[in-house]
2 protein chains.
Amino acid sequence: MSRTIRDGAHIEVARSAARLFLEKGVAGTSGDEIAETAGISKRTLWRYFRTKESCIEPLFARMSQNLAAKLQKWPLDMTVERFLEINYDMSKIDAQEIEDSKLVVHLIARLDEEPALLEPWFMSTRATEDLMAGVIATRLELSPSDFEVRLCAATVAAAMRVIDETISRAAVKYGQVPTLAESNDRLAQAIRRASTLSFCDPVTPRGR
Amino acid sequence: MSRTIRDGAHIEVARSAARLFLEKGVAGTSGDEIAETAGISKRTLWRYFRTKESCIEPLFARMSQNLAAKLQKWPLDMTVERFLEINYDMSKIDAQEIEDSKLVVHLIARLDEEPALLEPWFMSTRATEDLMAGVIATRLELSPSDFEVRLCAATVAAAMRVIDETISRAAVKYGQVPTLAESNDRLAQAIRRASTLSFCDPVTPRGR
DNA sequence: CACAATAATGACACTAAGTGCCATTATCCG
DNA sequence: CGGATAATGGCACTTAGTGTCATTATTGTG
């Protein structure tokens, strides 16, 4: 593993860190421990990550990237509701991904008791915001740095965050695991209501 | 200064920290330096704040608190636009507060080059979110922990954050300082468009 | 005013997070 | 194979942050 194949190594470490954080708390987990559990040296750990907390970021990032991969295929002539419906059904095939999702859900559910997890979570929301800016810009033929686009991306990302937090907490703390259809509904509805620009409905390329 | 009068001490330290961060960068500023500049011992500094970065939080908190103080006086039968209009005009009298605002604006404008400032800034947004949840809950006679209220608070807080970032950056980096009326307009408009519940218009107490 | 109770601070030693530096090892490409 | 380069590990070192205890300031009460 070297040259450029380091990408896989990072998320491995993130899984170790997440399990340790969930089991013993962030404060109760040392950097040395994370390194040891992940099978790398201390020095390499600190080359991979700037802080102990940021070790779990690749897990959040993976969720963002999954979302991004899907959203890039969102046809211009389709509503959010329909898009989420047909997309979330078929895609979850990878066992590893399910395992990662579980870790993420548990991490999010602990945000209250573990304020140290807030920073990586907010960083992830920020990434989602950038991502949504790209999607919105594409659909409406605007620039991703346009003020209106940024505003809309921020409100939508915030709504998605609240949905994630609500569902994760309900699942972990009260055992209320929603069906895929229910989650999709909630997410789509929240996104639609949160948007300050109408990118959720079919858009017609204005050019040519 | 003791017993419970510590509140003033914290923001004094925050001002010192902010100036140092702006002058030499976060990485270039040590905890010892902050303590020395603020005239307190290292040990007391770490009792006041958990991390170096969080030293500036009281400055952000002060802005939130100002806003809170105003919003609590928002009459039920008034629109946001009108409320912001009559409120932001008269209130800015304190010289210290103006000085603090300047520091905050400069800090926000540096978010791109100083990612270490993101955490306290996000924490502040989180505080604003809680604050708005309270305001919205009051106006609509709902619980601040109600899902719909949380969602709306999150989108509104996100919009306010984008406005703050946009205005601060424009002011510091491009010298575009808007008038109070312009800022108010932008803020009110963003809040209104971001809200998923209609708390911006006059609400009628439903009881009795 | 004096005195007890308690909160705030400082001094100092200590743990752990994170970096700099250099030697070693793995990988890629010709 | 062999040289260039990227990744890693080991170790010393800096600095962020904590635990402990003695000292000082503050408040309330008789």
Side-chain angles (χ1 to χ4, degrees), chain A residues 1-58 107 113-123, chain B residues 1-58 107 113-123:
Chain A
M1 206 171 315
S2 133
R3 206 89 191 185
T4 328
I5 322 183
R6 311 170 42 205
D7 272 359
H10 282 72
I11 202 164
E12 283 294 338
V13 179
R15 293 190 188 105
S16 300
R19 285 191 210 101
L20 286 170
F21 287 171
L22 288 172
E23 189 185 333
K24 321 168 45 170
V26 179
T29 304
S30 72
D32 293 29
E33 241 172 324
I34 299 175
E36 197 181 356
T37 310
I40 58 175
S41 74
K42 280 169 34 166
R43 194 60 190 81
T44 301
L45 177 71
W46 299 128
R47 254 195 283 265
Y48 280 10
F49 302 101
R50 307 134 280 154
T51 66
K52 195 169 72 167
E53 295 76 24
S54 69
C55 287
I56 59 170
E57 280 181 10
L107 288 170
E113 304 99 64
E114 289 280 3
L117 297 178
L118 280 173
E119 203 208 356
W121 177 232
F122 282 141
M123 289 303 177
Chain B
M1 208 170 314
S2 136
R3 206 88 188 185
T4 328
I5 322 180
R6 311 169 44 205
D7 273 358
H10 282 72
I11 202 163
E12 284 294 337
V13 179
R15 292 189 189 106
S16 300
R19 284 191 210 100
L20 288 169
F21 286 171
L22 288 172
E23 189 185 333
K24 322 169 42 172
V26 179
T29 304
S30 72
D32 293 28
E33 241 171 323
I34 299 174
E36 197 181 353
T37 309
I40 58 175
S41 74
K42 281 167 37 164
R43 192 60 191 84
T44 301
L45 177 71
W46 298 128
R47 255 194 284 263
Y48 281 9
F49 303 101
R50 306 134 282 155
T51 64
K52 194 170 71 168
E53 294 76 25
S54 70
C55 288
I56 59 171
E57 279 180 12
L107 288 169
E113 305 98 63
E114 290 279 2
L117 298 178
L118 281 173
E119 203 208 356
W121 178 231
F122 282 142
M123 289 303 177

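Every chain is numbered from 1, with letters handed out A, B, ... down the list of sequences. Given the structure is predicted, the values throughout are model-derived calculations rather than measurements.
Each of D:dG9, C:dG10, D:dT8 was ranked by its minimum atom distance to the side chain of B:Ile40; first place goes to C:dG10.
The CG atom of A:Leu45 sits 6.0 Å away from atom CD1 of A:Ile34, with the distance rounded to the nearest 0.5 Å. To the nearest 0.5 angstrom, B:Arg19 atom CZ is 11.0 Å from B:Leu107 atom CG. Between A:Glu53 atom CD and B:Glu119 atom CD the span is 8.0 Å, to the nearest 0.5 Å. In this structure, the separation between CD1 on B:Ile56 and CD1 on B:Ile11 is 11.5 Å, given to the nearest 0.5 Å.
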**OP:** Output, in order, the C-alpha distance, side-chain angles, deciding distance and verdict of side chain to side chain contact (heavy atoms under 4.5 Å, CB included) for A:Lys52 and A:Phe21.
**Re:** CA-CA 10 Å; A:Lys52 195 169 72 167; A:Phe21 287 171; 4.2 Å; yes

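Regarding contacts with the backbone of D:dT8, a side-chain N or O of A:Tyr48 is found under 4.0 angstrom from either OP1 or OP2.
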**OP:** Using a 4.0 Å heavy-atom cut-off, write out nucleotides 10-21 of chain D from 5' to 3' as B (base contacted by protein), S (sugar-phosphate only) or - (no contact).
**Re:** BB----SBBBB-

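Each end of the helix from C:dC1-D:dG30 to C:dG30-D:dC1 gets its own axis, taken as the rotation carrying the C1' atoms of four end pairs onto the next four within a five-pair window, and the two axes meet at 30° to the nearest 10 degrees.
At a threshold of 4.5 Å between non-hydrogen side-chain atoms, the residues B:Phe122 and B:Leu118 count as touching.
Using a 30° and 60° split on the angle between ring planes, A:Phe49 and A:His10 fall in the perpendicular class, above 60°.
Following rounding to the nearest Å, B:Glu36 (CD) and C:dG10 (C1') show an atom-to-atom distance of 15 Å.
Using a cutoff of 4.0 Å between basic side-chain nitrogens and carboxylate oxygens, B:Arg50 and B:Glu57 are scored as salt-bridged.
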